[in-house]
Amino acid sequence: MAETYDVIVIGLGGMGSAAAYHLARRGKRVLGLERFTPAHDRGSSHGSSRIIRQAYHENPGYVPLVLRSYELWEQLERDTQAQLLTIAGGLYLGTEDSDVVQGSLRSAREHNLAHELLDQKEIRRRFPVLHPRAEDCAVYETQAGFLRPEAAVAAHLGLATRGLAMQGGAALHFEEPVSNWQITNGGAVRVTTAKGTYEAGHLVIAPGAWAESLLKLSLPLHVRRHVMAWFDPPEGIADFSPDCFPIYIWRTGADTVFYGFPATDCEHCGVKAAMHSGGDICTAETIERKYQARDIAEIREQLAAYIPALNGRLLHAATCMYTMTPDEHFIVSRHPDYAQVSVACGFSGHGFKFAPVIGEVLADLAIEGRTKWPIDFLSAERFAG
Ligand SMILES: Cc1cc2nc3c(=O)[nH]c(=O)nc-3n(C[C@H](O)[C@H](O)[C@H](O)COP(=O)(O)OP(=O)(O)OC[C@H]3O[C@@H](n4cnc5c(N)ncnc54)[C@H](O)[C@@H]3O)c2cc1C
């Protein structure tokens with residue numbers, strides 16, 4: 001006999017942990033199945049910091065979702081007493097006609113978000129460690145900052161099992177990869193692992209870079225390998241404190257975007273910077289997990305030109321995966337072929353900040369079959385055929 005639940009969640013990374021929590025909180029009996037350990041470093045949700053921002057240059061459609069995420073992150077901090085979010089301000093830099101600048105302005109204006117447009121001189125005056133080109137400008141907003149991804153995943157997992165939930169709650173199984181799932185004759189979902197068989201009325205699949213093997217859906221996804229690196233600023237770390245140094249995203253060339261953070265809590269971690277553009281195509285199975293000299297050289301080239309005060313000793317580096325869609329927008333929707341299944345994947349290197357609202361949306365889809373949040377632009381069906 002299969003163990004039965006209301007909902008099964010496959011994958012307990014950024015999105016799956018949030019879905020398990022929101023389902024449990026709403027009284028559902030949830031089973032979460034995860035290939036690795038809690039808040040592990042082999043997927044896409046590790047590396048001590050993730051940017052969160054509001055003037056979303058990728059598409060104004062994300063703004064209502066990110067504003068809801070801020071509320072949910074703050075609520076999660078209150079419920080767990082964990083520090084998950086630090087507000088430090090955000091700078092989106094490039095030439096005036098660049099996607100990063102124009103897209104940020106568009107979202108800020110459409111959604112009435114407080115922001116300023118800074119020219120090169122003003123950027124230098126406020127943030128002296130940055131070396132913009134004469135033609136650079138920046139959109140600045142005060143409400144951007146960074147999240148702590150491992151702590152955030154752990155917070156969702158902890159609350160899902162402890163349950164603010166009165167009747168519901170989640171059983172979470174780690175190191176138990178799902179090998180297959182199917183729909184039974186009775187219309188339930190049956191999920192199989194090496195350790196057992198489980199059934200539920202609904203299945204949520206949040207597979208990260210393993211999407212292809214789990215979705216039973218042909219989607220044009222590809223996985224990219226990205227390296228995060230932590231540097232020791234030669235003149236000291238004080239200039240990079242979140243009190244005076246923001247998160248930034250910088251379009252420096254037609255094919256180059258780099259980004260970074262202020263110094264985070266941990267004193268010996270240094271200051272993180274990384275490339276958002278590029279990244280070798282790989283799979284979750286074949287990725288080269290060790291960083292290479294050329295990975296660091298690529299980041300250093302940007303630092304030497306734009307933030308020389310950060311171009312010091314390398315303290316640490318780690319690889320991570322982006323799961324890309326062709327338009328770089330997420331896939332969050334009902335499975336086109338199975339009404340009992342919802343999917344969340346293809347986060348294209350910018351999903352983490354949305355994890356709690358995606359969790360809420362996935363709970364809505366599983367429980368009610370629809371959501372009030374505007375996710376039509378994220379439908380799996382846009383790639384059908
Ligand atoms: C270097 C880097 C920098 C980033 N920077 C930012 C940023 O600044 N801001 C931002 O918002 N986003 C950022 N992102 C993107 C963001 O981190 C991801 O979009 C998000 O973490 C994806 O979450 P996920 O749940 O889809 O994937 P994951 O967290 O990887 O979770 C998927 C889970 O599914 C599990 N799984 C897979 N197959 C199975 C199976 N068969 N059975 C059971 N479990 C399975 C995996 O083990 C994994 O735990 C960045 C990503 C990277 C890599």
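If you read the sequence from its start, that first residue is 1, and numbering goes on from there.
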Between [Y] and [X], is the closest basic N to carboxylate O distance under 4.0 Å?
X	Y	result
R68	E360	yes
R126	E122	yes
E110	R106	yes
R148	E77	no
D280	R294	yes
R289	D41	no

| field | Derivation of the side-chain hydrogen bond (donor to acceptor under 3.5 Å, both in side chains) call for K272 and S49 | value | CA-CA 8 Å; K272 179 171 141 185; S49 52; 3.2 Å; yes
| Do the rings of H350 and Y62 sit parallel, tilted or perpendicular, given the 30° and 60° boundaries? |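 Rings of H350 and Y62: perpendicular, over 60°.
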Would you say [Y] ends up clustered with [X] if hydrophobic residues are merged whenever their side chains have heavy atoms under 4.5 Å apart, either directly or through other cluster members?
X	Y	value
F354	F146	no
V139	I52	no
L172	F36	no

| query | For V341 and R334, what are the C-alpha separation, side-chain angles and deciding distance, and is it a side-chain contact (heavy atoms from CB on, under 4.5 Å)? | reply | CA-CA 6 Å; V341 182; R334 299 293 287 264; over 6 Å; no
| CD1 of I249 to OG of S98: how many Å apart, nearest 0.5 Å? |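 Nearest 0.5 Å value for the CD1-OG distance: 11.5 Å.
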| message | As an exercise, state the distance from CG of D232 to CG of L315, rounded to the nearest 0.5 Å. | response |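 Here the rounded value is 4.5 Å.
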| field | Qualifying residue for salt bridge (Lys or Arg N to Asp or Glu O under 4.0 Å) with D364, from K372, R370, R26 | value |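 Among K372, R370, R26, the one that satisfies the salt bridge (Lys or Arg N to Asp or Glu O under 4.0 Å) with D364 is R26.
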| request: Would you please say whether a donor-acceptor pair under 3.5 Å links the side chains of H57 and S107? | output: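 No - no donor-acceptor pair under 3.5 Å links their side chains.
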| query | Going by atom types only, do T4 and E199 share a side-chain donor-acceptor pair under 3.5 Å? | reply |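 Distance-only check fails for T4 and E199.
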| said: Using a 4.5 Å cut-off between side-chain heavy atoms of Ile, Leu, Val, Met, Phe, Trp and Tyr, which other residues end up in the same hydrophobic cluster as I281? | reply: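 When side chains under 4.5 Å apart are linked, I281 ends up in no cluster with other residues.
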| Cation-pi geometry met for R224 and Y322 (6.0 Å, 45°) |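 That pair does not qualify as a cation-pi contact.
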| task | Apply side-chain hydrogen bond (donor to acceptor under 3.5 Å, both in side chains) to T193 and E176, showing your working. | result | CA-CA 7 Å; T193 74; E176 186 171 348; 2.5 Å; yes
| query | Is it true that a side-chain atom of D119 and a backbone atom of C137 form a donor plus acceptor pair closer than 3.5 Å? | reply |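 Not a single qualifying donor-acceptor pair exists.
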| message | Is there a salt bridge (Lys or Arg N to Asp or Glu O under 4.0 Å) between R53 and E141? Walk through the geometry before answering. | response | CA-CA 8 Å; R53 56 195 156 92; E141 65 178 354; over 6 Å; no
